[in-house]
Each structure stands twice: as structure tokens, then as C-alpha cells.
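To start, the structure under review is shown below, and the notes come after it.
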Amino acid sequence: MTTKLSRGKFENLQKLADDEGTINILGLGEHTKFQAMMKTAEESAGHQFEVDQCIEFKQILSEFLSPNVSGVLLDPTLGTKAMQSRSKDTGLITVYELSDQTPDHLSLNRLVHAKTNGVKVRVVYNPHTDEQTTDQKLALLERVGAEALAADLPLFVEPVVYDDQVSDKSSAEFAKLQPDLVIDTIKELTKERYHIDILQIETPINFAYTEGFAESNATVVYSQREAAKLLKEASDTTTRPFIFQTGDNSVETFQTAVKFTGKAGAKFSGVMTDYSLVQDGITAYATEGEKGLHQWLETTGNKNLTDLNDILENYATPWYDRFGGQKDLELFDNPIKL
């Protein structure tokens with residue numbers, strides 16, 4: 001069965017993927033979280049924190065690491081210079097916040113003319129909470145989806161699941177709930193009416209509580225067989241391409257998790273890394289400045305991405321395979337001109 005997709009969305013998705021159709025995004029958005037991390041690192045190093053340090057850090061990372069990824073995610077608050085310093089062959093996704101922190105001057109219409117290749121929205125979501133709360137968030141996603149459709153821009157959505165009763169997402173109690181939360185979220189958000197092009201999800205299991213991955217003193221919630229089954233179920237549930245988000249995982253844990261997921265038969269189209277990939281780089285920058293950051297990038301930072309690229313080459317599938325391949329995509333020209 002053929003899938004209809006606007007030519008603009010298709011071309012932009014291809015710019016955000018590598019030659020094999022795999023999406024590997026260096027996530028340098030979420031400016032509030034990053035600013036807090038940078039402030040803590042600078043003060044721990046005995047330095048006074050300044051916002052300009054955040055801007056410079058993103059700019060350096062974008063310039064140095066963007067040639068090793070297919071796209072870079074940046075925010076319009078602290079990432080404007082980093083947008084300009086990225087490799088010309090690397091695609092750009094712009095953060096589009098669904099909150100009162102969204103700049104008044106920002107719209108998808110304007111982002112089209114700013115030459116972004118996609119927009120990313122983050123939503124805190126519980127598929128099992130009260131109907132009114134859920135409906136408000138889904139209505140907001142419907143509006144953004146329609147706006148992205150008119151703007152001919154790919155829409156990336158990152159649902160961050162939560163539970164009303166268990167607030168500690170690092171606990172074994174939450175790990176037991178996580179599979180149903182993630183899988184039921186996928187079932188809802190891959191419906192046609194949201195016009196979401198790429199779903200950016202957490203893994204449906206917490207590897208810290210998985211047999212063979214958990215620490216010796218940790219509670220085991222899933223056997224490896226159960227974990228593999230849940231990962232495959234999440235993959236089979238979606239009708240849209242999806243990529244995995246690093247979340248709070250360390251670089252090593254995330255790399256291991258992606259490899260295990262691929263071996264389990266899950267058909268994911270890539271990853272979106274975040275600041276967990278460059279946590280040590282923040283420390284190097286805070287203690288030794290630009291020189292220290294460059295030294296870290298030339299060794300550890302570059303290796304982190306190289307190792308991840310090798311894993312994706314072996315286990316990720318092209319984003320258009322979710323639709324049966326490029327041959328099953330029916331491209332059309334969007335009649336709306338912004």
C-alpha cells in the first residue's frame with residue numbers, strides 16, 4: 001500500500017538522514033536543562049557562570065561534531081551561532097517548544113524561511129491519566145501537526161512518559177510500568193491525525209533493571225527474553241518511523257541498549273543523542289576552557305559518535321522502510337506557499 005508524503009517533507013527528511021536513510025541526530029537543544037548543567041560545572045570549577053559560555057559550547061560542538069552526524073538539533077535561544085557553524089552537509093532540526101517559553105517571534109512559517117529541515121516538539125505524556133489532561137495535550141499536538149503539514153516541514157515528536165502515582169522514573173516500580181506507558185503512547189501518537197513524521201521515543205524498558213545489564217545489587221524487572229520481546233512489540237506497534245532518545249542513559253549504556261534492540265529485531269531508524277553524550281565535555285570546558293573542550297572532542301567526543309555510527313550501520317533501518325521503501329511513497333507537491 002502506498003503512503004502519501006509531501007515532496008518538501010520527503011526532501012527534508014532525506015537531508016536529515018545519511019546516504020542509507022538512517023537518522024543520527026546530535027541533540028543540542030533543551031536549553032534550560034543544558035544551561036543548568038553548564039552553570040553547575042562552571043561553579044564547581046570555581047568560575048562565574050555566563051550565558052555566553054553556553055552559546056560558545058554549542059557552537060564549538062556543532063562545528064566539530066556535525067560532520068559525523070546526519071543532523072543537529074538546536075534551539076533558537078542559545079543555538080543560533082551553532083546553526084551557522086554546522087557542516088553545510090548536515091541537516092538542521094529546530095526546537096519548537098509547546099510552552100510559555102516559546103519566543104513570541106517564533107512560528108513554523110518563519111522557520112521555513114530560516115531554512116530549517118524539521119522541527120522537534122517535546123511533550124510530557126501519560127496515556128493512562130485523566131481524559132481531560134490527555135485531550136488537551138493531544139489537541140495541541142494536532143494543531144502543531146497541521147501547522148507542520150502546511151509548512152511542509154517534518155515533525156519530530158518526543159513524548160516523555162510519566163505515571164501519576166510513581167514519580168521516580170529511575171525506580172524499579174516505574175520500570176515495571178514503563179513498557180505499557182511507552183507502547184500505549186506509540187499506539188496513540190502514530191495515528192494519522194497528528195501528522196507526526198518521526199517519533200522520538202524512550203526505550204520501552206529500563207536497562208538498569210534488565211537481566212545481564214543490571215548491577216549485581218539491583219532488582220531485575222525483565223529477563224533478557226522479556227526485554228527483547230517488549231522492544232520488538234514497541235517496534236511492531238508503530239506505523240511511523242521512530243528513533244531512540246538517549247534519555248538519562250550513559251554513553252556506554254545507550255550504545256549497548258541500541259545494539260541489543262537491533263538484535264531483538266526492532267526496526268528503528270536511528271537515534272537522537274542529548275547532553276549525556278557530551279557530559280564530560282561540559283566538565284572539560286568548564287575546567288580548561290575552549291582548549292580543554294577541543295582536546296576532549298578530538299579523543300572521547302569523536303569516538304562516542306564513531307562508535308554509535310558503527311552500531312547504527314549494523315542495526316538501524318532506513319526511515320522510509322516503515323512505509324515499504326521509497327517505491328511505496330507517493331510524493332505530492334504541497335499547494336500551500338508560505
Side-chain angles (χ1 to χ4, degrees), residues 12 15-16 23-42 49-123 144 148 151 153-158 160 198 200 243 245-247 270-286 289-290 293-294 296-297 301 304-305:
N12 278 307
K15 289 177 182 177
L16 291 167
I23 298 171
N24 183 7
I25 307 297
L26 175 63
L28 300 176
E30 312 302 344
H31 65 88
T32 303
K33 174 184 176 181
F34 166 61
Q35 197 165 323
M37 293 171 68
M38 183 64 77
K39 185 174 187 294
T40 299
E42 289 289 345
F49 168 73
E50 297 178 0
V51 174
D52 285 348
Q53 294 162 342
C54 297
I55 296 173
E56 182 180 61
F57 182 88
K58 291 193 180 196
Q59 186 177 5
I60 293 171
L61 254 68
S62 180
E63 180 179 2
F64 192 93
L65 295 179
S66 62
N68 298 326
V69 293
S70 62
V72 177
L73 170 74
L74 289 161
D75 63 279
T77 305
L78 301 176
T80 303
K81 289 187 177 180
M83 293 177 186
Q84 299 168 351
S85 67
R86 78 184 195 282
S87 167
K88 63 180 179 62
D89 297 321
T90 304
L92 171 66
I93 303 177
T94 303
V95 173
Y96 193 64
E97 293 190 27
L98 299 182
S99 71
D100 54 8
Q101 297 179 20
T102 304
D104 293 336
H105 63 271
L106 187 63
S107 70
L108 293 196
N109 188 352
R110 295 187 178 190
L111 288 175
V112 172
H113 298 288
K115 305 302 182 185
T116 192
N117 301 116
V119 291
K120 182 240 177 171
V121 165
R122 183 176 186 267
V123 59
V144 174
L153 284 175
L155 176 61
F156 289 64
V157 171
E158 177 195 358
V160 180
I198 304 291
Q200 181 183 322
I243 59 178
Q245 169 78 22
T246 50
V271 297
M272 170 87 74
T273 56
D274 63 13
Y275 292 107
S276 60
L277 185 79
V278 296
Q279 176 69 62
D280 292 341
I282 295 174
T283 303
Y285 177 77
E290 186 176 344
L293 178 57
H294 275 287
W296 181 85
L297 286 168
N304 285 345
L305 278 183

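Heads up: numbering here begins at 1 and tracks the sequence.
- Looking at heavy atoms from C-beta onward, L305 lies in side-chain contact with L277 at the 4.5 angstrom threshold.
- For C54 against F34, the heavy-atom pair with the smallest separation is CB-CE2, 3.4 Å.
- Separating the CG atom in N68 from the CG atom in N304 is a distance of 11.0 Å, to the nearest 0.5 Å.
- Using a 4.5 Å heavy-atom cutoff, the side chains of S70 and N24 are in contact.
- Without hydrogens or angle criteria, N117 side chain to L92 main chain gives a donor-acceptor distance under 3.5 Å.
- Residues V69 and I25 fail the side-chain proximity criterion, which asks for heavy atoms closer than 4.5 Å.
- Taking 4.5 Å as the limit, some side-chain heavy atom of P76 sits within range of a side-chain heavy atom of T94.
- E50 meets the side chain to side chain contact (heavy atoms under 4.5 Å, CB included) test with Q53; sequence neighbours excluded.
- Using a 4.5 Å cut-off on side-chain heavy atoms (C-beta onward), L28 and L26 make contact.
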TODO: Give the C-alpha distance, both sets of side-chain angles, the deciding distance and a yes or no for side-chain contact (heavy atoms from CB on, under 4.5 Å) between L61 and L293.
DONE: CA-CA 9 Å; L61 254 68; L293 178 57; 3.9 Å; yes

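- Residues I243 and F156 meet the side-chain proximity criterion, which asks for heavy atoms closer than 4.5 Å.
- To the nearest 0.5 Å, atom OG1 of residue T80 and atom CD of residue Q59 are 10.5 Å apart.
- Panel note: side chain S62, backbone S85; no donor-acceptor pair is recorded below 3.5 Å.
- The aromatic rings of Y285 and F57 sit perpendicular to each other, their planes meeting at more than 60°, with 30° as the lower class boundary.
- The salt bridge (charged side-chain N to carboxylate O under 4.0 Å, His left out) test applied to K120 returns E30, E158, not counting sequence neighbours.
- Looking at heavy atoms from C-beta onward, W296 lies out of side-chain contact with T283 at the 4.5 angstrom threshold.
- To the nearest 0.5 Å, atom CD1 of residue I23 and atom CG of residue L16 are 7.0 Å apart.
- Taking OG1 of T40 as the start and CD of Q35 as the end, the distance is 11.0 Å to the nearest 0.5 Å.
- Residues in residues 67-87 take part in these salt bridge (Lys or Arg N to Asp or Glu O under 4.0 Å) pairs, two or more places apart or across chains: K58-D75.
- Residue I93 holds its CD1 atom at 10.5 Å from CG of L155, rounded to the nearest 0.5 Å.
- Separating the CG atom in L153 from the OH atom in Y96 is a distance of 10.5 Å, to the nearest 0.5 Å.
- The main-chain N or O of T90 is never found under 3.5 Å from a side-chain atom of S66 such that the two would form a donor-acceptor pair.
- Annotation for L74 and G79: closest pair CD1-O, 3.9 Å, computed over non-hydrogen atoms.
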